[in-house]
Amino acid sequence: MAGISRDDVANLARLARIDMAPAELDHLASELGVILNAVARVQEVAGQDVPPTSHPLPLQNVYRKDEVIQSLTPEAALSAAPASEGQRFKVPKILGEEA
Amino acid sequence: MTMIKKSASEMADALANGETTSVALTQAHLDRIAEVDKDVHAFLYVDTEGALAQAALADKKRAAGEKLSPLAGIPLALKDVMVQKGIPTTCGSKMLEGWRPPYDSTVVSKLRAADVVILGKTNMDEFAMGSSTENSAYGPTHNPWDLSRIPGGSGGGSSASLAAFEAPLAIGTDTGGSIRQPAAVTGTVGVKPTYGGVSRYGLVAFSSSLDQAGPCGRTVLDTALLHETIAGHDPKDSTSINAPVPAIVAAAKNGNVKGLKIGVIKELQGEGYQTGVLNRFNESLELLAGLGAEIVEVSCSYFEYALAAYYLIAPSECSSNLARFDAMRYGIRVGDASGVSAEEVMNLTREVGFGREVKRRIILGTYALSSGYYDAYYGSAQKVRTLIKQDFDNAFTKVDVLVSPTAPTTAFKIGEKADDPIAMYLNDIATIPVNMAGICGMSLPSGLADEDNLPAGFQIMAPAMKDDRLYNVGAALETALLSKWGAPILSHVSGLGARA
């Protein structure tokens with residue numbers, strides 16, 4: 001049934017932002033094939049007339065009161081940052097060099 | 001040594017009548033941890049100083065005559081997926097190595113308000129993904145019954161700490177069985193509360209529609225006392241139920257099943273279940289029948305699809321939730337050098353930071369949610385979720401509670417299933433339906449399996465917000481089993497040798 005190639009896994013890993021060594025891609029491709037075959041059986045009973053359930057509680061738009069409450073100080077929020085500068089998270093470059 | 005073997009409620013009595021102090025009790029548990037945890041490895045971090053300070057505060061309040069909570073001064077072990085301000089929280093992952101959260105989870109706030117003493121953080125499968133605690137980046141936890149065996153997972157550190165008498169109470173989280181299955185294989189008690197019954201604020205998310213924090217203990221009453229301490233509505237968690245907490249402790253003190261209808265789920269026994277586990281399960285049913293309960297068989301025909309649906313829904317939500325680990329705001333950052341882009345840093349960090357099972361689930365979830373496969377996989381799994389909910393709804397029109405073995409087998413050997421994800425996933429076959437429907441479930445020990453003398457678990461399931469029924473039935477069964485055994489099951493713990 002469901003087949004998944006090494007290239008498929010490489011693409012998924014790219015989408016999920018995880019570098020993967022070639023050996024890991026091969027290993028995952030075969031493992032995911034087995035797992036997908038096992039889980040594909042959900043399709044046997046998922047008829048068109050069955051409504052989906054995404055969550056156990058039928059909740060919509062739960063808001064707390066619009067009140068100012070104590071929140072983290074900038075120092076606390078930045079305390080675990082890999083790098084920071086002033087009151088900002090410092091991140092690697094996000095744009096290319098051209099421009 | 002004698003004090004640490006008591007139940008939490010007995011310890012509370014000893015504190016109330018001045019027999020001991022919280023500082024002495026806490027020190028006794030810290031000593032026990034120092035003595036046995038190099039073998040058990042239940043803890044990832046022990047907060048010696050913080051625990052003793054909390055204990056001293058509880059003693060001071062007691063001496064001043066303040067009105068205290070039932071668990072004031074009692075030590076507890078906290079699963080490392082629950083954040084505690086300033087205390088390292090790793091979720092068993094390299095990704096969060098060294099992270100000290102800047103805030104308390106609501107569960108921790110409630111424990112503090114009740115003067116419960118937090119001893120430290122317990123080991124777990126990475127980001128709560130696993131059934132054996134072998135997926136921890138910091139090495140496995142060993143089952144105190146037999147150190148070569150798994151303590152269950154993902155909350156194996158919490159369950160092992162109870163069975164090793166390192167803590168009388170623990171907090172776990174249960175996405176597909178991570179409180180109940182560890183309880184089953186260590187001879188302890190664990191409850192997955194109704195979804196929304198205990199706040200998820202400050203619980204590092206794995207699968208948000210399934211995750212639920214809950215109490216772990218050595219007795220039904222202890223578990224009830226902890227459950228009532230941490231339960232209740234929390235405005236910081238939009239999925240928290242805004243309704244009164246059921247009378248859990250009262251139910252645990254009641255334990256009367258006369259006239260109660262108990263449904264045995266046909267689909268959760270038989271093939272794949274160890275004979276000794278089934279024998280203890282059937283004995284427990286006889287005891288409950290002897291106490292006046294009416295035992296009937298019910299069918300939940302869609303449960304056979306629950307495992308498949310779970311292993312699509314949970315990885316899908318996980319792939320989305322774990323996107324937050326992007327090396328930008330907290331957690332480790334790898335490969336940050338001049339000229340390296342943020343995207344490359346993310347890729348490198350996530351390669352190094354996540355372990356095999358987490359990567360497997362992120363990739364599986366990314367696949368199940370991707371365009372062209374969404375309807376066939378995630379969409380179909382959501383429909384199965386509806387069918388499982390309907391199975392429960394129908395069953396609960398006929399019976400008050402449902403029961404099954406908690407896990408199909410007793411604790412297996414460390415390493416035995418590490419290379420076979422499907423075999424590993426089968427551990428959760430009886431616990432997963434409860435999470436899918438958002439209802440509540442308990443595991444309590446039903447005895448030792450004949451084949452291996454290891455603990456087996458009895459699972460009780462009740463409708464949403466009827467958590468009190470778990471405790472009523474659990475207390476009745478516990479009392480009946482105790483009078484049959486003559487001593488608590490944990491008096492047989494053998495893995496720690498003479499030290500136990």
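Atoms considered below: every heavy atom in the structure, side chains included; atoms not considered: hydrogens, waters and symmetry mates. Protein chains get the first letters and strands the later ones, always in sequence-line order, with residue 1 at the start of each.
Proximity to chain A (any heavy atom under 4.5 Å) is shown, for B:S319, by neither the backbone nor the side chain. Of the atoms belonging to B:Q390, not a single heavy atom falls under 4.5 Å from chain A. Proximity to chain A is limited to the side chain of B:Y425, based on heavy atoms less than 4.5 angstrom apart. Proximity to chain A (any heavy atom under 4.5 Å) is shown, for B:I363, by both the backbone and the side chain. With a threshold of 4.5 angstrom between heavy atoms, B:A309 approaches chain A through its backbone and through its side chain. For A:L28, the part sitting under 4.5 Å from any heavy atom of chain B is the side chain, from C-beta outward, and nothing else. In this structure, no portion of B:K236 lies under 4.5 Å from any heavy atom of chain A. With a 4.5 Å cut-off on non-hydrogen atoms, B:I241 touches chain A through its side chain but not through its backbone. Proximity to chain B is absent for every atom of A:K65, based on heavy atoms less than 4.5 angstrom apart. For B:Y373, no part sits under 4.5 Å from any heavy atom of chain A, backbone or side chain. Interface residue B:A327: only backbone heavy atoms are found under 4.5 Å from chain A. In this structure, chain A has a heavy atom under 4.5 Å from the backbone of B:V340, while its side chain stays farther away. Looking at A:I35, the atoms closer than 4.5 Å to chain B (heavy atoms on both sides) sit in the backbone and in the side chain alike. Contact of A:L72 with chain B is made through the side chain alone, with heavy-atom distances under 4.5 Å.
Residues B:D104 and B:K85 are not paired through a salt bridge, judged by the lack of any N-O separation under 4.0 Å between the basic side chain and the carboxylate.
Counting only N and O atoms by type, the side chains of B:D234 and B:S199 include a donor and acceptor under 3.5 Å apart.
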Side chain to side chain contact (heavy atoms under 4.5 Å, CB included) assessment of B:Y302 paired with B:F392: CA-CA 10 Å; B:Y302 291 108; B:F392 272 123; over 6 Å; no
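One finds the CG atom of B:N321 at 7.5 Å from the OG atom of B:S207 (value rounded to the nearest 0.5 Å). Distance CG/A:D8 to CG/A:L32: 9.5 Å, rounded to 0.5 Å. Taking CZ of B:R200 as the reference point, atom OG of B:S105 lies at 13.0 Å (rounded to 0.5 Å). One finds the CZ atom of B:R100 at 6.5 Å from the CD1 atom of B:I87 (value rounded to the nearest 0.5 Å).
Looking only at distances, a side-chain donor or acceptor of B:K192 sits under 3.5 Å from a matching main-chain atom of B:I439.
Taking the ring centre of B:Y305 as origin, the terminal cationic atom of A:R41 falls inside the region bounded by 6.0 Å and 45° from the ring axis.
Taking each heavy atom of B:G353 and B:S93 in turn, the nearest pair found is O-OG, 3.2 Å.
The candidate from A:S84, A:S54, A:G47 with the greatest count of non-hydrogen atom pairs under 4.5 Å with chain B is A:S54. Put simply, of B:G196, B:A381, B:G438, B:A376, the one with the most heavy-atom pairs under 4.5 Å next to chain A is B:A376. Interface remark: of the candidates A:R14, A:E24, A:E31, A:E31 forms the most heavy-atom pairs closer than 4.5 Å to chain B. Note: A:P51 leads A:A38, A:S79, A:P51 in heavy-atom pairs under 4.5 Å with chain B.
In this structure, B:Y330 has its ring center at least 6.0 angstrom away from the ring center of A:F89.
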